[in-house]
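Comments concern the structure below.
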Amino acid sequence: MMRAVVLGALAAASGVVAQQGLTTTQPNFIFVLADDWGLGDTGAYHTLLSNGIDAPATPQLDRMAREGTRFTDFHTLGAECSPSRASWTTGRSPSDSAVRIHLVIGGHADNVKKGCADYLNTSTPTVFSMLHDAGYSVGHFGKWHLGDTPANVSAGRPAAPGPDGYGVDKFRCYACNAPDAAHSYDLGDLWFPSNSSRMIVDDGLAFIASAKAARKPFYLNLWFHISHAPMLPTTAQLERFASDVYNTTDPVTLCNGPNQSPHKGGYVTCSSLVYRASQYEADTQIGRLLDYLRADKELDSQTLLIFSGDNGPEDPHIYMHSVGDPGPYRGRKRSLYDGGTHMAMLARWPGTVPAGVVSAAQIMSADWLPTVAAFAGVAVPTDPAGSQVVPFGEDRSGDFSPQHPRPKARTLPIMFDYRADGYGHCWNQAPRLALLDGPMKFLMNVGVHGAVSRVELYNLTAHPFEGDNLADSVAPSVLQTYQQQLLEWIATTDPVREGTMGATSKHLGCDAYQGGQQVGMAARAESEERPFDWQYRQ
């Protein structure tokens with residue numbers, strides 16, 4: 001009885017009340033996650049740094065921003081694919097001992113080298129299991145990347161569970177263990193990248209229709225391939241992009257820079273054309289989803305839709321066509337500088353999330369689970385021991401809707417951990433640990449035995465690019481406070497194991513450090529190169 005009263009009060013506060021005489025309706029949730037999509041790759045966030053064909057073309061997302069709230073201080077806890085998704089899914093740090101996905105995961109041998117689990121432990125509560133247990137229909141379509149290792153009977157290792165092992169009722173995925181072809185996307189299809197956005201939205205719309213027919217609230221993940229490598233827009237997609245955005249029937253005339261190469265569809269293309277046409281196709285498909293919601297006012301008024309990205313854009317030194325825009329920030333994918341973790345976040349929910357609002361609320365990916373719990377009126381799950389490992393996400397529903405109480409100040413700053421050397425230009429390679437405390441961002445390296453080096457401090461309000469290190473100009477007590485907070489937090493996470501990438505990575509950036517002292521470019525250690533495969537599991 002008490003739970004029904006609480007659910008009714010929360011739903012009424014969200015403006016989601018069923019017809020008189022019927023049970024109060026819980027809200028629906030749709031989470032659109034783009035891959036390697038920089039903050040500046042969405043028109044609503046577009047900076048002056050990109051113009052012409054290098055500017056984003058996302059009219060559907062821009063309209064979504066006008067119809068909802070655009071958050072300007074959102075951060076993902078993972079600088080690459082798997083850890084970001086793990087934090088969204090669990091409400092925890094990717095380095096939490098109940099998660100252990102602090103780097104991108106793949107084959108078992110690589111996972112051991114990285115000190116990562118092969119897959120997310122099914123005993124760790126997720127937003128899927130939480131809502132499944134509350135009576136929601138849960139769907140996932142698109143990339144999974146929370147574990148897809150096969151079984152090894154002789155070694156006693158089971159196969160990674162598919163999404164259904166975590167409370168997902170209906171799914172179709174890749175970078176996952178699917179039971180059959182009907183539950184997976186064909187990565188052997190050359191044109192999968194071109195058609196993936198449409199296919200994922202098609203599956204999502206069918207799922208919504210099924211949930212509506214069953215009169216059940218739903219939670220839906222639509223996790224896109226774009227703008228991950230490879231990108232291969234079709235001739236029709238190139239022509240539609242050129243016609244709709246630039247009013248020309250000849251896409252090749254838009255190419256204004258290097259990297260022109262024969263396109264498999266027959267055109268000569270450049271990287272900017274491939275990248276922006278691929279994103280325009282993804283945006284078009286998101287527009288289909290938005291049109292579906294707008295056509296059903298009851299459904300629309302009961303559904304929270306969010307859009308975000310898993311991490312910053314890929315480095316073009318790694319994949320030629322990855323020319324994404326991280327916005328006015330230093331760093332890209334695999335960097336704890338803001339270009340790798342400061343992401344777009346759009347939220348739309350007519351009647352509940354204010355329209356046309358720009359919010360500076362500081363939110364992180366781990367906040368998603370407790371925020372969804374607050375909107376749905378369900379309790380935030382704990383692990384089997386009943387503990388909540390910090391930094392644990394916090395309910396930020398009041399940042400999304402004024403109908404909910406304003407969130408309290410955070411218990412702890414936002415913490416980041418990246419246990420590998422980055423790729424790309426050394427300027428983008430950040431220290432291993434970072435802490436975000438309002439506008440102040442503190443970064444440092446810490447060795448396996450606790451030695452601290454490469455200390456950096458930035459005021460992101462004054463210098464958002466993280467190019468003006470204040471570490472030498474503030475009181476030592478300021479650095480000591482932040483350092484102690486990071487050290488105390490990292491001691492609560494899964495430990496760095498000897499011999500793993502976390503123990504051997506140097507996190508040097510453009511300078512070498514010895515004994516905590518910067519010794520300059522001349523002494524820079526030769527970095528260890530890791531083999532790179534730009535296929536679907538990076």
Side-chain angles (χ1 to χ4, degrees), residues 29 31 33 35 78 80-112 114-187 200 203-204 207 218-223 225 310 365-366 368-369 372 381-385 389 494 535-538:
F29 304 92
F31 175 17
L33 184 66
D35 204 328
E80 58 184 2
C81 181
S82 299
S84 176
R85 293 158 199 267
S87 68
W88 282 101
T89 298
T90 64
R92 299 172 183 256
S93 164
S95 299
D96 190 308
S97 58
V99 180
R100 293 190 57 225
I101 304 180
H102 48 265
L103 295 173
V104 66
I105 56 176
H108 175 72
D110 283 341
N111 296 337
V112 171
K114 295 174 180 179
C116 291
D118 280 338
Y119 54 85
L120 181 63
N121 193 322
T122 54
S123 68
T124 300
T126 64
V127 67
F128 316 133
S129 60
M130 176 184 75
L131 292 182
H132 174 86
D133 292 346
Y136 272 70
S137 180
V138 180
H140 176 95
F141 301 95
K143 191 172 187 177
W144 178 248
H145 217 171
L146 293 172
D148 65 347
T149 50
N152 186 320
V153 177
S154 61
R157 290 197 303 271
D164 52 339
Y166 302 88
V168 178
D169 300 301
K170 296 184 179 181
F171 63 94
R172 189 180 180 197
C173 56
Y174 66 99
C176 67
N177 276 346
D180 51 46
H183 289 84
S184 63
Y185 297 96
D186 181 10
L187 299 188
I200 290 167
D203 289 335
F207 169 81
F218 64 83
Y219 176 95
L220 171 61
N221 274 350
L222 298 176
W223 287 4
H225 165 73
D310 61 346
S365 50
W368 177 235
L369 183 151
V372 167
T382 58
D383 64 26
V389 181
D494 193 60
Q535 291 295 334
Y536 300 95
R537 288 173 176 77
Q538 287 292 332

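Counting from 1, the numbers follow the sequence of the chain as shown. Note that the structure is a prediction, hence the values are computed from the model and not measured.
- Judged by distance alone, the side chain of D148 and the main-chain N or O of A160 form no donor-acceptor pair under 3.5 Å.
- Rounding to the nearest 0.5 Å gives a distance of 5.5 Å between CG of L103 and CD of E80.
- Annotation: side chain to side chain contact (heavy atoms under 4.5 Å, CB included) contacts of D110 (sequence neighbours excluded): none.
- Although no hydrogens or angles enter the test, the distance criterion places no donor-acceptor pair under 3.5 Å between the side chain of D494 and the main chain of D96.
- Here the side chain of T90 pairs a donor or acceptor atom with the backbone of A86 at under 3.5 angstrom.
- Within the 3.5 Å criterion, the main-chain N or O of P83 finds no donor-acceptor partner in the side chain of H102.
- Looking at R92, its side chain never comes within 3.5 Å of a backbone N or O of S87 through a donor-acceptor pair.
- R100 places a side-chain N or O within donor-acceptor distance of the main-chain N or O of G115, the cut-off being under 3.5 Å.
- Taking the six-membered ring for Trp and thresholds of 30 and 60 degrees, W88 and F31 have ring planes inclined between 30 and 60 degrees apart.
- Although no hydrogens or angles enter the test, the distance criterion places no donor-acceptor pair under 3.5 Å between the side chain of K143 and the main chain of A175.
- T124 places no side-chain N or O within donor-acceptor distance of the main-chain N or O of V99, the cut-off being under 3.5 Å.
- With contacts defined as side-chain heavy-atom distances shorter than 4.5 Å, the pair S129/P381 does not qualify.
- Atom OG1 of T122 and atom CG of L146 lie 12.5 Å apart (nearest 0.5 Å).
- Using modelled atom types, no side-chain atom of S84 and backbone atom of C81 make a donor-acceptor pair closer than 3.5 Å.
- A distance of 11.0 Å separates OG1 of T89 from CH2 of W368, quoted to the nearest 0.5 Å.
- A donor-acceptor pair under 3.5 Å is formed between the side chain of D169 and the backbone N or O of V138.
- The closest side-chain donor-acceptor pair between H183 and D180 falls under 3.5 angstrom.
- For the pairing with W144, the ring pair (Phe, Tyr, Trp, His ring centres under 6.0 Å) check across F171, Y185, Y166 returns one residue only, Y166.
- Using the six-membered ring where Trp is involved, W223 and F128 have ring planes that are tilted, between 30° and 60° apart.
- Using bins of under 30°, 30° to 60° and over 60° for the plane-to-plane angle, the ring pair F218/F207 lands in the perpendicular bin.
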